[in-house]
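Per chain, numbering begins at 1; letters A, B, ... match sequence-line order. Every value quoted in this text rests on a predicted model; they were computed, and no experiment measured them.
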Number of protein chains: 2
Amino acid sequence: MNIGQAAERSSVPAKTIRYYEEIGLIAAPPRHVNGYRDYDESRINELSFLASARRLGFSIDECRSLLSLYRDEHRASADVKAIAATHVAHIDARIADLKAMRRVIDSLAGHCHGDSRSDCSIIDGLAARAAGQPKEV
Amino acid sequence: MNIGQAAERSSVPAKTIRYYEEIGLIAAPPRHVNGYRDYDESRINELSFLASARRLGFSIDECRSLLSLYRDEHRASADVKAIAATHVAHIDARIADLKAMRRVIDSLAGHCHGDSRSDCSIIDGLAARAAGQPKEV
DNA sequence: AGGTAAGCTTGCCATGGCGGGAAGGTCAAT
DNA sequence: ATTGACCTTCCCGCCATGGCAAGCTTACCT
């Protein structure tokens with residue numbers, strides 16, 4: 001199967017497939033006589049697996065580990081779970097960061113008239129937070 | 001004031017200050033006879049303002065707009081509020097994405113033994129989601 | 001006066017995870 | 001024979017820096 005069809009079936013763009021091959025995330029597939037890459041079902045499965053993992057936010061390095069566990073019949077499910085747990089922790093941290101940002105912006109925007117007047121609690125807040133930063137932190 | 005002190009006082013690394021100058025986010029400061037950049041209080045304030053905005057997740061382009069509003073005594077606070085609202089919407093969308101990922105990973109990990117056995121609902125789930133994707137989506 | 005350490009200048013390479021596009025070879029159908 | 005779609009490699013760009021290097025200036029110590 002050519003790369004185009006592999007891309008379609010795995011939901012991984014052809015460009016990205018070649019990139020994954022380049023960084024050694026997937027093995028280089030055999031080539032047709034004309035030099036075209038040739039993908040079989042098991043490679044499609046790996047690519048699809050990667051597409052899923054990437055959609056769930058796993059980094060390329062995490063995907064590398066997950067994929068090797070996927071290929072390993074003698075894996076320990078604990079290893080898989082550990083990677084997932086680490087990733088969930090990152091997600092939670094990121095969510096917490098975003099929520100913190102949101103809270104601050106909300107509090108700044110709460111007192112902003114949002115009309116044609118120039119005084120603005122958001123601008124003031126950014127300037128004030130700025131002024132306070134070097135000492136407070 | 002030299003760039004090192006400006007960096008310290010504004011909490012913006014010297015490297016980043018030069019970058020901001022290069023992309024036209026801040027104006028190029030005057031130079032001393034020796035070629036060193038010279039920052040005054042108002043520039044420090046702008047840099048500190050940028051540090052705050054960046055910490056709150058505003059993109060460089062949003063910072064560009066915010067900064068020009070900060071500098072504009074005749075701004076309309078509505079313009080500021082609009083930028084903040086757009087950014088909050090992005091934050092919310094990102095949070096929703098992350099929560100969705102988290103939910104899926106949690107549901108996959110919930111049935112994973114997490115021991116030395118090889119069967120793993122996470123691996124299976126990633127493979128299955130993969131298989132299902134082309135049709136379902 | 002000399003040494004040296006810190007700070008400044010420019011510039012170039014790297015990150016992550018690809019996307020875009022050029023220049024060229026190949027294949028299927030008309 | 002020619003189109004058009006597909007494939008190949010290659011290199012550049014993104015964002016927002018961080019790191020490093022070579023070569024200045026400045027400040028301080030002896």
Side-chain angles (χ1 to χ4, degrees), chain A residues 1-26 28-40 43-44 46-67 86-87 90-91 94 97 101, chain B residues 1-26 28-40 43-44 46-67 87 90-91 94 97-98 101:
Chain A
M1 191 185 332
N2 286 348
I3 201 170
Q5 257 202 306
E8 199 176 347
R9 291 201 38 205
S10 65
S11 307
V12 178
K15 206 85 203 245
T16 303
I17 296 177
R18 283 189 281 256
Y19 171 69
Y20 286 171
E21 179 185 327
E22 187 192 328
I23 64 173
L25 183 53
I26 55 169
R31 303 283 183 129
H32 288 286
V33 229
N34 59 18
Y36 289 14
R37 289 171 178 82
D38 184 21
Y39 298 89
D40 62 9
R43 282 168 201 278
I44 301 295
E46 289 194 0
L47 286 168
S48 302
F49 179 91
L50 286 172
S52 291
R54 292 291 296 134
R55 261 195 297 274
L56 291 179
F58 288 99
S59 71
I60 294 285
D61 261 3
E62 286 166 332
C63 285
R64 207 182 288 272
S65 306
L66 287 174
L67 194 55
T86 300
H87 180 45
H90 283 147
I91 290 180
R94 185 81 189 111
D97 284 351
M101 289 177 188
Chain B
M1 193 187 324
N2 286 347
I3 199 169
Q5 256 203 308
E8 199 177 345
R9 291 201 39 204
S10 65
S11 307
V12 178
K15 202 82 203 254
T16 304
I17 296 178
R18 283 189 281 256
Y19 172 68
Y20 287 171
E21 178 185 329
E22 188 192 327
I23 64 171
L25 182 54
I26 55 169
R31 303 283 184 126
H32 286 287
V33 230
N34 58 17
Y36 288 13
R37 289 171 178 82
D38 184 20
Y39 297 89
D40 62 8
R43 282 168 202 277
I44 301 295
E46 288 194 0
L47 286 168
S48 303
F49 181 90
L50 285 173
S52 292
R54 292 290 295 134
R55 260 195 297 273
L56 291 179
F58 287 99
S59 71
I60 293 284
D61 261 3
E62 285 166 332
C63 285
R64 208 182 287 272
S65 305
L66 287 174
L67 194 55
H87 180 45
H90 283 146
I91 289 180
R94 186 80 188 113
D97 284 351
L98 289 168
M101 289 176 189

Quiz item: Does the A:H90 side chain pair with the main chain of A:G57, one donor and one acceptor, at a distance under 3.5 Å?
Solution: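 A pair under 3.5 Å: no.
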
Quiz item: Does any N or O in the side chain of B:D38 come within less than 3.5 Å of the main-chain N or O of B:M1, such that one atom is a donor and the other an acceptor?
Solution: yes

Exercise. Applying side-chain hydrogen bond (donor to acceptor under 3.5 Å, both in side chains), name anything that partners B:E21, two or more places apart in sequence or on another chain.
Key: B:R37

Quiz prompt | side-chain hydrogen bond (donor to acceptor under 3.5 Å, both in side chains) involving B:R43 - partner list, sequence neighbours excluded | solution =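 Result, side-chain hydrogen bond (donor to acceptor under 3.5 Å, both in side chains) vs B:R43: none returned.
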
Exercise. Extract, from 5' to 3' on DNA chain C, the first and final nucleotides lying under 4.0 angstrom from some heavy atom of chain B.
Key: C:dG7 to C:dC12

Quiz prompt | Difference in axis direction between the ends of the helix from C:dA1-D:dT30 to C:dT30-D:dA1, five pairs, 10° | solution = 20°

Evaluate the side-chain proximity of [Y] to [X]: yes if any heavy-atom separation is below 4.5 Å, no if none is.
| X | Y | result |
| --- | --- | --- |
| A:L67 | A:I26 | yes |
| B:R64 | B:I23 | yes |
| B:H32 | B:N2 | yes |
| B:I44 | B:Q5 | no |

Rounded distance in Å - [atom1] ([X]) to [atom2] ([N]):
| X | N | atom1 | atom2 | result |
| --- | --- | --- | --- | --- |
| A:I17 | D:dC6 | CD1 | P | 14 Å |
| A:Y19 | D:dC12 | OH | P | 17 Å |
| A:R18 | D:dC11 | CZ | P | 15 Å |
| B:F58 | D:dC15 | CZ | P | 19 Å |
| A:H32 | D:dC7 | NE2 | P | 10 Å |

Quiz item: Which heavy atom in A:I91 sits nearest to a heavy atom in A:L56, and how many Å separate them?
Solution: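 So the minimum-distance heavy-atom pair works out to CD1-O, 4.3 Å.
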
Self-check item: Qualifying residues under side chain to side chain contact (heavy atoms under 4.5 Å, CB included), relative to B:S65, sequence neighbours excluded
Solution: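 With sequence neighbours excluded, B:S65 shows a side chain to side chain contact (heavy atoms under 4.5 Å, CB included) to B:I83, given in chain and number order.
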
Quiz item: For D:dC6, does OP1 or OP2 lie under 4.0 Å from any side-chain N or O of A:R37?
Solution: no

Quiz item: OP1, OP2 of D:dG18 versus side-chain N and O of B:T16: anything below 4.0 Å?
Solution: yes

Quiz prompt | 5' precedence on DNA chain D between B:R54 and A:G35 (nearest-nucleotide basis) | solution =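 Final value for this comparison: A:G35.
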
Self-check item: Residue closer to the 5' end of DNA chain C, A:I60 versus B:I3 (nearest nucleotide)
Solution: B:I3

Between N or O atoms, less than 3.5 Å apart, protein on one side and nucleotides 21-28 of chain D on the other: list the pairs.
| residue | atom | partner | partner atom | Å |
| --- | --- | --- | --- | --- |
| D:dT26 | OP1 | B:N34 | ND2 | 3.1 |

Quiz item: Could you walk me through whether A:Y20 and A:E46 pass the side chain to side chain contact (heavy atoms under 4.5 Å, CB included) check?
Solution: CA-CA 11 Å; A:Y20 286 171; A:E46 289 194 0; over 6 Å; no

